[in-house]
Amino acid sequence: MSDKELTKLPGFRDFPPEDFARRSYIQGAWRRVAQRYGFQEYDGPPLESLDLYVEKSGDEIVGQLYNFVDKGDRDVALRPEMTPSLARILAKRSRGMSKPIKWFSMPQLFRYERAQRGRLREHFQWNVDIIGESSVAADAEVLAIAIDGLRELGLTDKDFAARVSDRRLLTALLLGIGVREENLGATFGVIDKIERLPAEKAEQLLVEEAGLENTEIEALKSLLSSTRIDDVTREFGDDSRVAEELHRFRQYTDMLESMGLGDFVELDLRIVRGLAYYTGIVFELFDRKRDLRAICGGGRYDRLLELVGGDPQPAVGFGMGDVVLGELLKEMNLVPEYERSLDYFLVAVSGEEYPAALRLAHQLRDQGHSVAYGLRQQGVTKQMKAAAREGANTVLIIGPDELANGTVLVRDMTSGEQREVQRQEFE
RNA sequence: GUGGGCGUAGCUCAGUUGGUUAGAGCGCCGGAUUGUGGUUCCGGAGGUCGCCGGUUCAAUUCCGGUCGUCCACCCCA
């Protein structure tokens, strides 16, 4: 051993069994829900070519890439998000696949930045995507899955909500209130962070960076404070392009309403999403108390497959990380207590019975039961303690008497009752 | 990347106004108990007081640096 202590890298997590159990609990819920919607699981490599991200994901992501040069002189990066990999995987083969393609994954993702609450250098993210379907029903399906993923973990509409918007709708609205086409990008940028800015600062940016006039700013403020589609329709719906976008957006929310998920969904035009590749409906899931960062974010990205060199395919999906979600679950007391559990624990009283115990243990294992026993010769007390520690439901005791009689003492560890049973009954 | 809090046993923490052998609870190991667990009792192991340097007769304690961690900011898939 070196005298220097080996520690884990900053921002990375260990998963001893208690923590691994929590991770499995979350991932199990994700997997069940995805399968319930008919989605197929896939994965890709954790290490990708740097090029996959530098032009497609936007500067924010590239600045936080966990990247390096490998021994083959290749510029590589640990994947910071899954969508580019998905696009790459599908780029070549999607042409021959029946549509829509409904895939999900739970990749471990990486970024290089200082760790803080809800953000580490590594996390697991549930990714769910529908490729090859431009209908708004696909958008609704994807949001429904995200919501159900949280419902599956015991969260309700009292705990979280989806804030939804549509970049196409927002574009039409901005053009409608007089924002010039060349200023759209900058305006989006300011809207994206408007919640985090003081009001004066936001207005200043809208004038200086987005080139907006005062009247436009007033209209924009009214827009962004709208939480009901009806209000937006009344105020801005005369514009034919806006009306068209509103129609689709209403279909979207109506579908979620029909599913019974209406109470989870709120219009919020301030949701833009930082990622460069989103093209349509976008959404984020937040805890109601707003203590935490976004639990989940997603939307439509119809251009991405084309950008990575594949066939153009409409696409919509989301990513949900395990770190923020884990904190919310802990806060809500929705993480089940970790317990070991075992069907049977065998006790050999004197050591003479060890061969018979091994034989019985293996018969039970062949039948599919979980079975353990002491791995060294110890007194019965010790073995019973071990049985309790491992969470045994039933202890099977074989001593000299049982060995002679061909029986086994069956002890129910919950009730404490025990009875003698012929060993053959377990065969 | 910037600023601040914190770093003492496996875990949660106490303590030392600078002074000999640094403590508790929980956990772990052993025993009470050579055919019976979860309770109880007794005993034990486990610490270079994060690391490096400075001040001092003497540093776990004061000072500086560094690393780690947490929080906030920047940013946010």
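Just so we're clear, the structure is a prediction, and the values are computed from it rather than from any experiment. Below, chain A is the first sequence line, B the second, and so on; all start at residue 1.
OP1 or OP2 of B:rG31 has at least one side-chain nitrogen or oxygen of A:Lys382 nearer than 4.0 Å.
Rounded to the nearest Å, the gap between the C1' atom of B:rG18 and that of B:rU60 is 10 Å. Of the P atoms belonging to B:rA22 and B:rG27, the separation is 25 Å, rounded to the nearest Å. A distance of about 26 Å separates the C1' atoms of B:rG47 and B:rU55, rounded to the whole Å. Across the C1' atoms, B:rG53 and B:rA72 are found 31 Å apart, a figure rounded to whole Å. Atom name P, nucleotides B:rA59 and B:rU20: the rounded distance is 12 Å, in whole Å. Rounded to a whole angstrom, the distance from the C1' atom of B:rA58 to that of B:rC75 is 49 Å. To the nearest whole angstrom, the two P atoms, one in B:rU16 and one in B:rA32, are 41 Å apart. Atom C1' of B:rC49 sits at a distance of 14 Å from the matching atom of B:rC6, rounded to the whole Å.
Below the 3.5 angstrom threshold, one finds no donor paired with an acceptor across the side chain of A:Arg114 and the base of B:rG1. In terms of polar N and O atoms assigned as donor or acceptor, the side chain of A:Gln418 never comes within less than 3.5 Å of the base of B:rG35 in a complementary pairing.
Residue whose closest nucleotide on RNA chain B sits further toward the 5' end, between A:Gly416 and A:Lys193: A:Gly416. Residue whose closest nucleotide on RNA chain B sits further toward the 5' end, between A:Ala115 and A:Gly297: A:Ala115.
Here B:rG35 is the nucleotide among B:rU36, B:rC75, B:rG35 with the atom lying nearest to any side-chain atom of A:Asp401. In the set B:rG37, B:rG35, B:rC28, B:rC28 carries the atom at the smallest distance from any side-chain atom of A:Arg389. You'll find that the side chain of A:Pro10 is closest to B:rG68, out of B:rG30, B:rG68, B:rC28.
Taking atom CG of residue A:Leu396 and atom P of nucleotide B:rU36, one finds them 17 Å apart after rounding to whole Å. With rounding to whole Å, A:Leu342 atom CG is found 16 Å from B:rG38 atom C1'.
Ion pair A:Arg13/A:Glu122 flagged as a salt bridge, since at least one NZ, NE, NH1 or NH2 atom sits closer than 4.0 Å to an Asp/Glu carboxylate oxygen.
Nearest heavy-atom pair across A:Arg167 and A:Arg273 is NH2-O, 2.6 Å.
Note: A:Trp103 and A:Tyr42 have tilted aromatic rings, judged against thresholds of 30 and 60 degrees for the angle between ring planes.
If you check B:rG64 for Watson-Crick or wobble pairing at under 3.5 angstrom, you find it paired to B:rC52. Nucleotide B:rU36 is matched to nothing when pairs are restricted to Watson-Crick or G-U wobble geometry with both distances under 3.5 angstrom. The partner of B:rC41 is B:rG31, judged by Watson-Crick or G-U wobble contacts that both fall below 3.5 Å. Nucleotide B:rA72 has B:rU2 as its partner under the Watson-Crick or G-U criteria, with both atom distances under 3.5 Å.
No hydrogens or angles considered: a donor-acceptor pair under 3.5 Å links the side chains of A:Asn127 and A:Gln125. In the model, A:Asp148 has a side-chain atom that pairs as donor or acceptor with a side-chain atom of A:Tyr37 under 3.5 Å.
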